Amino acid sequence: MKTEAPVARIDEIGKHEGQTVELRGWLYNLRESGKLLFPQFRDGSGVIQGVVPKNQAPQAFEALKGLTQESSVIVRGKVRADKRAPGGYELDVSDVQVVQKVPEDDPYPISLKEHGVDFLMEHRHLWLRTPRQAAILRIRAEIIKAVRDFFDSRGFVLTDPPILTPAACEGTTTLFEVDYFEEQAFLTQSGQLYIEATAMALGKVYSFGPTFRAEKSKTRRHLTEFWMVEPEMAFAELDDIMNLAEGLLTNIVGRVLEKRRRELELIGRDVAQLEKIAAPFPRITYDEAVQILHKGHAEGKLDTKFVWGGDFGSPDETYISAQFDRPVMVHRYPAEVKAFYMEPDPQDPKLALCVDVLAPEGYGEIIGGSQRIASYGLLLQRIHEHNLPEAAFKWYLDLRKYGGNPHGGFGMGIERAVAWICGLEHVRETIPFPRMLHRLYP
RNA sequence: UCCUCAGUAGCUCAAUGGCAGAGCAUCCGGCUGUUAACCGGAGGGUUGUAGGUUCGAGUCCUACCUGAGGAGCCA
């Protein structure tokens, strides 16, 4: 096979109209019509249909006839604009080199027909090749890039907290236990406590990394291993934190609409829903949210009447967020249902200076944040009230002894953000290899 | 941990307690513009596992296994 032809990418194939190019990829599908073949090639950037008449390209015809789905190939052909082609361009194939043929007696398991969830999850390593899954992963990458650009351009420094930790961060959820040279250790459930320390060193910081929860949660919103971005700011109060969360979300939605509109359309996302996402986001207090739930109950839209003082359940969050067309910020929850490190509201110490951001369309909580306790004495008292081991938190208390100040931040679950922006039914499709209660393979 | 549902060909599914079937995939044949191509033919089964009821169980009963959806908890 001659090698002068430039290697082209399918997503930029229009640049090569009229040229002979080389494509390196996989046979996505093959339609046969007698002495005419219509192979569809996939190269990771897109899919293009080729045309192979037997009498014009006998070598390519013989190489492709009967070739199995997902066989790897190097093909050469001339790019031609064609209105009949889904992408606007077709390839008049002249040469084909089969790099590896998928065996006929053990064909590629994922056909173009429908498959069940269990089968697809068992073949996740291959499922990723389908255009829909590839588009979701591209959007995920764009969201992560937007997050990092957002913080990097605003003076935040990326500081990576440890993944192995000696104690629970918040003392609430179940953690994965690890044998650390015969000492007990855990996989982190949040880097927050550590980035409070780096924030005192660098002013504005963020972390982006995996977190682990051993909860036996079994819903469309849960993974046992997920990625979280956590900004933390010294000398910041609750309003600063809410402004930051609002800025982050409008920024990443805007970026995805700008750069990944084609992928959003490919997966069938209603883009109009995302175009509504603009500041200001509604900000309501916990008390106001409870009023909304009570009104909903009175109108028969909620089964049970919410009792003030508890945390919102999943149906409650869905109902509250359904009242708005953009993310809603619910702030000042009862301190009792929140983490030990949250600063009490000076106006009403029963409340914590915290905020949850609920995504629209029923996606629930994607961000949780708070102002942290600045006082050494109060923090020590909270650690005792929550029966946490004081010795393990000595370093954390030091942050209040040596230059304590009002500070805070939030955590955003990347997979939940991706699920919302993509309009997915389940977070399992937002990460290449999801880890769930019953899923450790592949 | 609790509640609900499901498990039949490689995949997606059908089969009133009475001969285990279809589409896709694979193989063989046909078709020069196919769009999850189409048309004809072939091969492909321990009906999740174990027990029970029955003349007879994919179907009914019990237990278990596996998975899905939800609750709680959370991002």
Side-chain angles (χ1 to χ4, degrees), chain A residues 28-40 47 49-57 61 66 68-70 82-87 90 92 102-123 126-127 130-131 169-170 172-175 189-192 210-230 245 303-304 310-318 337-339 356-359 363-369 410-420 425-428 430-431 436-439:
Chain A
Y28 177 66
N29 193 19
L30 178 65
R31 300 191 187 95
E32 300 187 44
S33 180
K35 294 179 176 58
L36 193 58
L37 302 181
F38 297 97
Q40 288 183 301
V47 176
Q49 175 167 285
V51 186
V52 190
K54 186 177 186 180
N55 56 9
Q56 287 169 41
F61 187 92
T68 36
Q69 188 193 359
E70 286 299 312
D82 194 312
K83 288 205 180 85
R84 291 169 293 188
E90 275 190 349
D92 287 322
V102 171
E104 284 160 351
D105 58 356
D106 191 6
Y108 189 69
I110 301 183
S111 71
L112 272 54
K113 294 273 182 178
E114 284 179 30
H115 296 284
V117 170
D118 189 40
F119 177 80
L120 289 170
M121 289 307 300
E122 200 67 16
H123 296 84
L126 304 176
W127 186 23
T130 60
C169 284
E170 304 183 8
T172 49
T173 53
T174 317
L175 305 186
Q189 61 164 318
S190 164
Q192 185 209 306
T211 48
F212 306 87
R213 307 272 167 99
E215 289 288 340
K216 295 197 171 177
S217 299
K218 196 170 145 39
T219 79
R220 67 185 66 193
R221 297 179 305 282
H222 286 89
L223 299 171
T224 54
E225 176 186 302
F226 65 98
W227 287 66
M228 188 152 68
V229 59
E230 297 177 278
D303 292 340
T304 51
D311 208 347
F312 300 129
S314 190
D316 303 321
E317 283 187 357
T318 302
V337 298
K338 287 293 181 178
D356 281 1
V357 182
L358 309 181
Y363 281 91
E365 184 181 352
I366 54 170
I367 285 179
F410 61 81
M412 180 177 82
I414 290 291
E415 287 75 17
R416 285 191 183 174
V418 176
W420 162 51
E425 285 294 308
H426 201 298
V427 290
R428 65 184 159 224
T430 65
I431 185 167
M436 296 180 291
L437 184 52
H438 298 296
R439 178 62 56 188

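Each chain gets a letter, A, B and so on, in the order its sequence line appears, and its residues count up from 1. This structure is a prediction, so every number in the text was calculated from the model and none was measured.
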query = What does A/L223 touch in the nucleic acid at a heavy-atom separation under 4.0 angstrom: a base, only the sugar-phosphate, or nothing?
reply = base

message = What's the gap between B/A57 and B/A20 when it is taken at their C1' atoms, as a whole Å value?
response = 13 Å

key: Nearest-Å distance for atom pair CD/C1', residues A/E365 and B/C74   = 7 Å

query = Partner of B/U4 by Watson-Crick or G-U wobble geometry, both contacts under 3.5 Å, or none?
reply = B/A68

ask   = To the nearest Å, how far apart are A/H222 NE2 and B/C73 C1'?
value = 6 Å

remark   = Closest of B/G67, B/G10, B/C31 to the A/D118 side chain is B/G67

request  = Give A/H123 one of three labels, base, sugar-phosphate or nothing, depending on what nucleic acid heavy atoms sit under 4.0 Å from its own.
outcome  = nothing

query = P atom, B/A9 versus B/A22: distance in rounded Å?
reply = 14 Å

query = If you check the A/F226 side chain, which of B/U12, B/A68, B/A75 turns out closest?
reply = B/A75

query = To the side chain of A/L112, which of B/A75, B/A36, B/C73 is closest?
reply = B/A36

key: A/F38 aromatic ring stacked with six-membered ring of B/G33, 5.5 Å and 30°   = no

key: Closest to the A/N55 side chain, choosing from B/U32, B/G72, B/A68   = B/U32

query = Picking from B/G33, B/C74, B/A75, which would you name as closest to the side chain of A/D311?
reply = B/C74

ask   = Once you round it to whole Å, what is the distance between P of B/C24 and CG of A/L30?
value = 16 Å

task = Round to the nearest Å and state the distance from A/K113 atom NZ to B/C38 atom P.
result = 7 Å

ask   = In whole Å, what separates the C1' atom of B/U47 from that of B/A6?
value = 14 Å

ask   = So, A/E317 side chain and A/E365 main chain: donor-acceptor pair closer than 3.5 Å or not?
value = yes

key: Check: A/E230 side chain, A/G191 main-chain N or O, donor-acceptor pair, under 3.5 Å   = yes

query = Where each residue is assigned the nucleotide of RNA chain B containing its nearest heavy atom, which of A/V51 and A/L437 is assigned the position nearer the 5′ end?
reply = A/L437

task = Using atom types as modelled and distance alone, determine if a side-chain donor or acceptor of A/R213 lies under 3.5 Å from a backbone N or O of A/Q189.
result = yes

Pairwise P distance, B/C64 and B/U1 [rounded to whole Å] = 13 Å

ask   = OP1, OP2 of B/A71 versus side-chain N and O of A/S314: anything below 4.0 Å?
value = yes

query = What distance do A/E104 atom CD and A/T68 atom OG1 have between them, rounded to the nearest 0.5 Å?
reply = 6.0 Å

query = B/A68 phosphate, OP1 or OP2: any side-chain N/O from A/K218 under 4.0 angstrom?
reply = yes

Out of B/A36, B/G72, B/C74, whichever nucleotide has its closest atom nearest the side chain of A/E317 = B/C74

ask   = Quick one: does A/R31 reach the base of B/C31 with a side-chain donor-acceptor pair under 3.5 Å?
value = no

request  = Classify the side chain of A/S111 and the base of B/C11 as holding, or not holding, a donor-acceptor pair under 3.5 Å.
outcome  = no

request  = Spell out, as yes or no, whether a donor-acceptor pair under 3.5 Å connects the side chain of A/E415 to the backbone of A/W227.
outcome  = yes

message = Could you check whether the side chain of A/Q49 and the base of B/U34 have a donor-acceptor pair of N or O atoms closer than 3.5 Å, going by distance alone?
response = yes

inquiry  = So for A/D106 and B/U26, does any side-chain atom that can act as donor or acceptor lie under 3.5 Å from a complementary atom in the base?
reply    = no

ask   = Is there a donor-acceptor contact under 3.5 Å from the side chain of A/R416 to the main chain of A/R221?
value = yes

request  = Give a yes/no on whether any side-chain N or O of A/H115 is located under 4.0 angstrom from OP1 or OP2 of B/C24.
outcome  = no

note = By nearest-nucleotide position on RNA chain B, the 5'-leaning member of A/V427 and A/L36 is A/L36

request  = Grab the CG-P distance between A/D303 and B/G72 for me, whole Å please.
outcome  = 12 Å

key: Candidate nucleotides B/U26, B/G72, B/U32, ranked by approach to the side chain of A/S33 - the nearest   = B/U32

inquiry  = Applying a 4.0 Å non-hydrogen cut-off, can you work out what A/G364 is touching in the nucleic acid: base, sugar-phosphate, or nothing?
reply    = nothing

request  = Could you give the distance separating B/A36 and B/A25 at their P atoms, to the nearest angstrom?
outcome  = 13 Å

remark   = Partner of B/A63 under the Watson-Crick or G-U wobble criteria, both distances under 3.5 Å, comes out as B/U49

query = Considering only side-chain heavy atoms of A/E215, which listed nucleotide, B/A75, B/C73, B/G69, is closest?
reply = B/C73

query = Considering only the C1' atoms, how many Å lie between B/U53 and B/G17, rounded to the nearest integer?
reply = 12 Å

query = Say you draw a straight line from NE2 of A/H438 to CE of A/M121; how long is it, rounded to the nearest 0.5 Å?
reply = 12.5 Å

inquiry  = With a 3.5 Å limit on both atom pairs, tell me what B/G33 is paired to, counting Watson-Crick and G-U wobble, or say none.
reply    = none

ask   = If we take the C1' atom in both B/U46 and B/U32, what is their distance in whole Å?
value = 48 Å

message = For B/U1 and A/K216 - does any side-chain N or O of the residue sit under 4.0 Å from the phosphate oxygens OP1/OP2?
response = yes

inquiry  = Tell me which nucleotide, if any, is Watson-Crick or G-U wobble paired with B/A57 when both distances must be under 3.5 Å.
reply    = none

request  = For B/C27, give its Watson-Crick or G-U wobble partner with both distances under 3.5 Å, or none.
outcome  = B/G41

ask   = In whole angstroms, how far is the P atom of B/C73 from the CG atom of A/D356?
value = 13 Å

note = Partner of B/G21 under the Watson-Crick or G-U wobble criteria, both distances under 3.5 Å, comes out as B/C13

request  = Calculate the interatomic distance between A/E415 atom CD and B/C74 atom P; express it in whole Å.
outcome  = 19 Å

Interatomic distance, A/R428 CZ vs B/G67 P [rounded to whole Å] = 13 Å

request  = Look at A/R221 and B/G72 and indicate whether a side-chain polar atom (N or O) is within less than 4.0 Å of OP1 or OP2.
outcome  = no

request  = May I ask which nucleotide in the shown strands pairs with B/C73, Watson-Crick or G-U wobble, both distances under 3.5 Å?
outcome  = none

ask   = Are A/E122 and A/R439 close enough for a salt bridge, meaning some N to O gap below 4.0 Å?
value = yes

query = Expressed as a whole number of Å, how far does the P atom of B/G52 sit from that of B/G10?
reply = 28 Å

message = Please check this pair: side chain of A/H222 against backbone of A/K218, looking for a donor-acceptor N/O pair closer than 3.5 Å.
response = no

